[in-house]
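Throughout, protein chains are lettered first and strands after them, A, B, ... in sequence-line order, and every chain is numbered starting at 1. As a basis for the values below, the full set of heavy atoms in this structure was taken, side chains included, without hydrogen atoms, waters or symmetry mates. Computed from a prediction, not measured in an experiment: that's the story for all the values here.
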Protein chains: 2
Amino acid sequence: MTETDRRPTTGRVTLAEVAGMAGVSVGTASKALNGSGRMRPETRQRVLDAARRLDFQPNEAARSLLGGRTWTVGLITTDGIGRFSTPVLLGAEDALGAGKISVLLCDTRGDAIRERHYVETLLARRVDGIIVTGRRTDPREPLNGLRGVPTVYALTPSTDSSDMSVASDDEGGARLAVEYLIGAGRRRIAHITGPAHHAAARHRARLTEDLIGQASVELSGGRVHFGDWSEAWGRRAAHTVLRTAPDTDAFFCGNDQIARGAADTLREEGHRVPEDIAVIGYDNWDTMALASRPPLTTVDMNLPEIGRIAALRLLNAIDGRAVSGVETVPCRLVIRDSA
Amino acid sequence: MTETDRRPTTGRVTLAEVAGMAGVSVGTASKALNGSGRMRPETRQRVLDAARRLDFQPNEAARSLLGGRTWTVGLITTDGIGRFSTPVLLGAEDALGAGKISVLLCDTRGDAIRERHYVETLLARRVDGIIVTGRRTDPREPLNGLRGVPTVYALTPSTDSSDMSVASDDEGGARLAVEYLIGAGRRRIAHITGPAHHAAARHRARLTEDLIGQASVELSGGRVHFGDWSEAWGRRAAHTVLRTAPDTDAFFCGNDQIARGAADTLREEGHRVPEDIAVIGYDNWDTMALASRPPLTTVDMNLPEIGRIAALRLLNAIDGRAVSGVETVPCRLVIRDSA
DNA sequence: TCGCTGTGCGCAAAGCTTTTCTTTTGCAGA
DNA sequence: TCTGCAAAAGAAAAGCTTTGCGCACAGCGA
């Protein structure tokens with residue numbers, strides 16, 4: 001207790017105290033701890049021992065004041081850390097944490113005012129870089145007023161092609177699903193997906209139509225069924241498709257919820273999945289995909305990988321090796337029992 | 001570009017530059033910007049203008065070096081930011097952000113080594129406080145080696161009662177559900193829940209048994225059905241209950257997934273929900289509760305509120321007004337169509 | 001006109017670490 | 001024993017902001 005009283009304002013051990021205990025100057029102590037400089041091994045050891053005895057940890061504030069780097073990056077997410085941005089965030093944090101970089105979390109809840117505020121805060125804290133992520137794959141306006149702080153957009157790319165973005169390969173994902181279905185001999189494929197104003201839905205739909213056009217396969221119902229991302233829509237749409245095109249033998253769905261709804265309807269209307277009709281989902285949202293009957297074959301966007309690559313690009317940019325443009329990360333097909 | 005070259009290592013505008021432009025000393029500039037000190041209004045204005053022109057933001061590192069406070073708190077989560085810790089985290093971030101405090105995110109993935117590493121990092125960064133949260137409501141060992149940094153445990157309380165913890169009122173939540181069912185005239189209630197080694201399951205089960213014992217109501221099947229937190233278990237258990245106790249008129253389920261599974265089985269076996277049999281879930285996980293047929297009446301743990309209160313207690317502790325012990329946050333019943 | 005009061009602003013130290021430069025110490029060779 | 005060099009360790013500055021203290025000057029009363 002007396003000990004704590006002697007301590008400076010931060011309430012923590014300072015290098016001067018370590019140096020004092022070891023009987024050397026602060027400069028020498030610093031060198032000893034950082035392995036730089038030259039000194040007698042026993043001196044270094046004395047400092048090391050003192051540091052351990054006092055449980056010394058260098059003050060990062062002082063360090064970054066000097067070095068100009070804070071070893072901190074800001075992570076701005078626009079969707080309350082939802083199902084999509086969370087895995088991205090985790091992947092990023094993983095890649096950064098390994099390099100001793102900490103993550104400042106900022107959730108804007110999609111509010112521009114909040115976003116502005118957070119950017120100011122991050123800039124004031126002199127973060128080394130910023131990662132921006134969101135809920136959707138639609139491109140977004142870039143952050144402004146960044147004053148040269150390296151920034152990478154993950155999952156949600158920037159509309160400015162001179163920015164760095166890492167996105168999911170939507171078309172590749174759709175290709176995986178459709179080619180798998182065609183390869184399995186399916187010939188009448190329905191595509192049920194989310195709202196047409198979502199880029200993800202549009203891109204996957206376009207590629208689905210293209211691929212089906214190339215193979216001698218029929219797009220069941222003659223058109224893509226846009227709706228919303230819910231199970232209810234999946235159930236409704238599946239019901240409609242079965243009525244208008246009873247010979248449909250496969251459903252490619254825009255996400256796992258739609259797929260699950262479709263699977264439920266198929267089962268309830270007496271069709272066997274996958275024997276009679278195959279179902280493929282998208283997202284590989286495990287709680288959904290595994291709880292579905294049968295468990296869903298689905299496309300995984302490799303979200304943690306997107307976060308990881310974004311973090312890597314950011315680290316490169318911080319080191320002055322920035323690369324602009326959108327890099328897409330391939331998806332993979334997770335095969336379970338529904339197709 | 002010439003301009004940037006003149007700048008110091010951090011690459012950002014410094015107070016000295018602002019002072020230079022305004023023709024005052026750095027001390028005066030600081031006072032002008034902080035509203036402290038006394039000076040001619042026009043002088044203050046000149047500084048303010050210069051700061052805006054240069055887009056000056058004080059260097060937080062220098063600031064905290066001086067003040068001993070970093071205006072940063074660490075948030076340690078043990079479960080990859082899952083469904084439970086995320087809302088808690090958001091609530092906390094909300095309460096802290098309003099007070100100009102930033103959040104350093106640390107995900108330990110349940111690994112003790114990682115946790116140790118993160119604690120070290122946070123301490124080195126001189127965070128003002130730490131919030132610890134997890135996936136389950138089972139108490140956990142407290143962090144050690146904190147050296148007096150204020151810490152609050154949210155959702156997952158600490159086993160040390162001298163720590164500060166904010167937890168969900170598990171028994172109150174169970175009471176809400178059971179009393180609602182009894183009040184609605186249900187007389188044979190089944191309780192299907194997760195594994196008995198989870199505190200949440202045990203606590204709710206005990207209270208359910210107690211309440212049922214007090215009212216002249218029967219615990220359907222004579223015992224609580226422990227299993228796991230999945231839909232599959234909900235389906236299986238519901239099937240069993242219906243066979244062994246066909247006169248069951250209500251299911252209280254340990255989470256929304258179990259409830260949904262139970263509701264599916266009930267429907268498929270020809271029972272109407274809620275007319276014949278009521279179902280109540282737990283967690284109010286919207287994707288689950290809303291997609292269920294019918295949408296689930298369920299207990300909401302008010303997770304963001306838990307995060308908010310944890311943040312408030314932490315802020316108090318940082319200001320020297322620490323309160324030890326576990327504070328429980330009440331649940332609320334969200335009434336939809338299943339009961 | 002002198003001295004006092006008070007306002008306005010500058011000076012300098014504190015806060016902690018890293019790094020460069022300088023000084024001291026120790027040893028070897030002459 | 002003295003000189004010189006290398007190795008070891010210390011001194012000091014830089015990095016940026018805040019704040020207490022003190023100085024200078026203006027204005028006013030005597």
Side-chain angles (χ1 to χ4, degrees), chain A residues 6-48 50-51 54-71 100 123-128, chain B residues 6-48 50-51 54-71 100 123-128:
Chain A
R6 247 196 313 102
R7 289 193 187 131
T9 21
T10 61
R12 299 285 324 260
V13 179
T14 169
L15 185 57
E17 301 177 55
V18 175
M21 175 178 268
V24 297
S25 71
V26 288
T28 305
S30 171
K31 289 170 208 155
L33 294 174
N34 294 322
S36 61
R38 294 139 80 93
M39 69 196 63
R40 230 168 325 189
E42 71 205 57
T43 307
R44 188 180 300 268
Q45 196 53 52
R46 242 185 14 254
V47 174
L48 255 36
L54 295 170
D55 197 11
F56 168 77
Q57 280 169 321
N59 184 323
E60 288 293 335
R63 224 176 205 172
S64 42
L65 185 56
L66 205 45
R69 278 196 67 171
T70 55
W71 302 94
K100 302 291 216 171
L123 260 42
R125 288 181 179 272
R126 303 293 192 275
V127 291
D128 295 336
Chain B
R6 247 195 315 102
R7 288 195 186 128
T9 21
T10 62
R12 301 283 325 259
V13 179
T14 168
L15 185 57
E17 299 176 55
V18 174
M21 176 178 267
V24 298
S25 72
V26 288
T28 304
S30 169
K31 289 167 198 157
L33 293 175
N34 294 323
S36 61
R38 296 141 80 91
M39 70 198 63
R40 231 167 326 185
E42 72 206 55
T43 307
R44 188 179 298 269
Q45 194 55 50
R46 242 183 17 253
V47 174
L48 255 35
L54 294 170
D55 196 12
F56 168 76
Q57 280 169 321
N59 184 322
E60 289 294 335
R63 225 178 205 169
S64 41
L65 186 55
L66 205 43
R69 278 196 65 171
T70 54
W71 303 95
K100 303 291 218 168
L123 259 43
R125 288 182 179 270
R126 303 294 193 272
V127 292
D128 295 337

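Note: CG (A:L65) to C1' (C:dT18) measures 11 Å, nearest angstrom. Rounded to an integer number of Å, the gap from B:Q45 CD to C:dG8 C1' is 17 Å. Atom-to-atom, CZ of B:R44 to C1' of C:dG8 comes out at 11 Å; the value is rounded to the nearest Å. The CH2 atom of B:W71 sits 15 Å away from the C1' atom of D:dT17 (whole-angstrom rounding). In this structure, B:R40 places its CZ atom 13 Å from P of C:dT7, rounding to the nearest Å. Taking atom CG of residue B:N59 and atom P of nucleotide D:dG15, one finds them 12 Å apart after rounding to whole Å. When the C1' atom of D:dC16 is taken as reference, atom CG of B:L15 falls 8 Å away, rounded to whole Å. At whole-Å resolution of the value, CZ in B:R69 and C1' in D:dT18 are 16 Å apart.
Within the 4.0 Å cut-off from OP1 or OP2 of D:dT17, at least one side-chain nitrogen or oxygen of B:T14 is found. B:N34 has a side-chain polar atom (N or O) that falls below the 4.0 Å cut-off from OP1 or OP2 of D:dT18. Between B:R63 and D:dT18 there is a side-chain N or O to OP1 or OP2 distance below 4.0 Å. The shortest distance between the side-chain N/O atoms of A:T43 and the OP1/OP2 oxygens of D:dA9 is below 4.0 Å.
Here the closest heavy-atom approach between residue A:K31 and residue A:R44 is recorded as O-NH1, 3.5 Å. Looking at every heavy atom in both residues, A:A51 comes nearest to A:V18 through N-CG1, 3.8 Å.
A donor-acceptor pair under 3.5 Å links the side-chain atoms of A:S64 to the main chain of A:E60, judged by distance alone.
Contacts of B:R38 with the nucleic acid, taken as non-hydrogen atoms under 4.0 Å apart, include base atoms.
Between B:N59 and B:T14 the shortest side-chain heavy-atom distance does not fall below 4.5 Å. Looking at heavy atoms from C-beta onward, B:R126 lies out of side-chain contact with B:R69 at the 4.5 angstrom threshold.
Here the straight-line distance linking atom CG of A:L33 with atom OG1 of A:T28 works out to 10.5 Å at 0.5 Å rounding. For the atom pair B:R46 CZ and B:M39 CE, the distance stands at 10.5 Å (nearest 0.5 Å).
Annotation: proximity of residues 18-29 of chain B to DNA chain D (heavy atom, distance under 4.0 Å) is found for B:V26, B:G27, numbered in ascending order.
Residue A:M39 places its side chain closer to D:dA8 than to any other of C:dT18, D:dA8, C:dT17.
Side-chain to base pairing of B:K31 with C:dG8: no donor and acceptor N or O lie closer than 3.5 Å to each other.
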